Structures are given as structure tokens and as C-alpha cells.
Amino acid sequence: MTEYWVSQAKHWCPYCKIFINGSKSSVSAHDQGLKHKDSMNRFLKESRKKDKEKHHEDADVMKQLREIEKAAYTSFKQQDSAWTYPKPSAAKKQPVASEFVPTAEDTEAQRQQHEWQWQWYQQQQQQQQKRR
């Protein structure tokens with residue numbers, strides 16, 4: 001009986017982007033070649049460059065986020081300082097929006113904003129109680 005033909009396995013070099021005969025000697029000879037070494041060095045150099053660019057981009061994003069958070073915090077502190085909160089009672093009852101007394105310099109928009117925030121807080125509390 002005749003033997004049937006079997007394909008030789010091919011080896012893919014990711015640095016040179018070529019197929020090589022799959023034998024050990026061919027792969028070894030390719031890996032020791034100058035073209036492969038140059039391709040590998042170029043690949044590693046590009047990889048380092050991309051990592052450095054990504055690191056700088058991430059640092060810029062973090063800087064912008066810190067600035068946004070700082071601005072939001074100062075804005076919240078300015079709005080929050082205008083309100084006086086009731087003292088907690090011994091019974092630990094839930095305060096209602098009408099117990100918050102605005103000062104004279106509060107505007108209608110600030111009052112409405114605070115009402116909305118308080119309603120949102122109460123909704124969150126109710127949702128948590130439903131989950132339990």
C-alpha cells in the first residue's frame with residue numbers, strides 16, 4: 001500500500017510576520033538570523049513606545065478627573081454651607097425636607113436643588129429597605 005502525503009507543520013513568526021518550515025532546525029536558524037533579531041527589536045521598541053504613550057494618556061486623564069472632582073467638591077461645599085441641618089434626636093427619626101432651614105442668602109434654585117437631593121436620598125433609602 002502506498003503512503004499518503006502529510007503536510008509539514010508551519011511555524012508563524014509574529015515579529016517577522018512570515019511562515020517558516022516547522023522543523024526545529026528551520027525555526028532555530030530563523031530565530032538566530034539578523035532579520036528576525038531586527039524585527040524583534042523593532043517590535044519591542046514599538047511596544048515600549050505604546051506603553052509610554054498609554055501611561056502619559058492615563059496620567060492626563062487622572063489629572064483632569066482630579067480637577068473636576070476638586071471643582072465639584074468646592075461647588076458642593078459652597079452650596080452646602082448655605083443650609084443649616086437639624087440636630088439628630090434621640091429617637092433617630094428620619095428628617096424631612098421641611099426641617100431644613102435655609103439662610104437669608106439662599107435662592108429659590110438652591111432650595112429646589114436641595115429638595116431634589118433630599119427626595120433622591122429618600123428614594124435610595126426606600127430602595128435599600130425593599131432589598132432587605
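As the structure is a prediction and not an experimental result, all values here were calculated from the model.
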With Tyr73 via ring pair (Phe, Tyr, Trp, His ring centres under 6.0 Å) - residues at least two apart: none
Any residue meeting side-chain contact (heavy atoms from CB on, under 4.5 Å) with Lys49, in chain and number order, not counting sequence neighbours: Glu53
Between CD on residue Gln78 and OG1 on residue Thr74, distance to nearest 0.5 Å: 5.5 Å
Exercise: identify the closest heavy-atom pair between Gln32 and Lys37: O-CE, 3.6 Å
Gap between atom CG of Asp31 and atom NE2 of His11 - 0.5 Å precision: 6.0 Å
CD-CD distance between Gln117 and Glu115, expressed to the nearest 0.5 angstrom: 10.5 Å
Distance (rounded to the nearest 0.5 Å) between Gln126 CD and Gln124 CD: 10.0 Å
Asn21 side chain near Lys10 side chain, heavy-atom distance below 4.5 Å: no
Given Lys70, Gln64, Met62, the one that forms side chain to side chain contact (heavy atoms under 4.5 Å, CB included) with Arg66: Met62
Non-neighbouring partners of His36 that pass ring pair (Phe, Tyr, Trp, His ring centres under 6.0 Å), sequence neighbours left out: Tyr15, His30
Heavy-atom closest contact (Ile20 atom, Val27 atom, distance): CG2-N, 4.4 Å
Spacing of NZ belonging to Lys52 relative to OG belonging to Ser47, to within rounding of 0.5 Å: 13.5 Å
Intermediate values then yes/no, side chain to side chain donor-acceptor pair (under 3.5 Å), Ser26 and Ser23: CA-CA 5 Å; Ser26 294; Ser23 66; 3.0 Å; yes
Heavy atoms from other residues, nucleotides or ligands near CH2 of Trp12 exceed 12 (cutoff 6.0 Å): yes
Within-4.5 Å side-chain heavy-atom neighbours: Asp58 and Lys54: yes
Gap between atom CZ of Phe43 and atom SG of Cys16 - 0.5 Å precision: 11.5 Å
More than 12 heavy atoms of other groups within 6.0 Å of Leu65 CG: yes
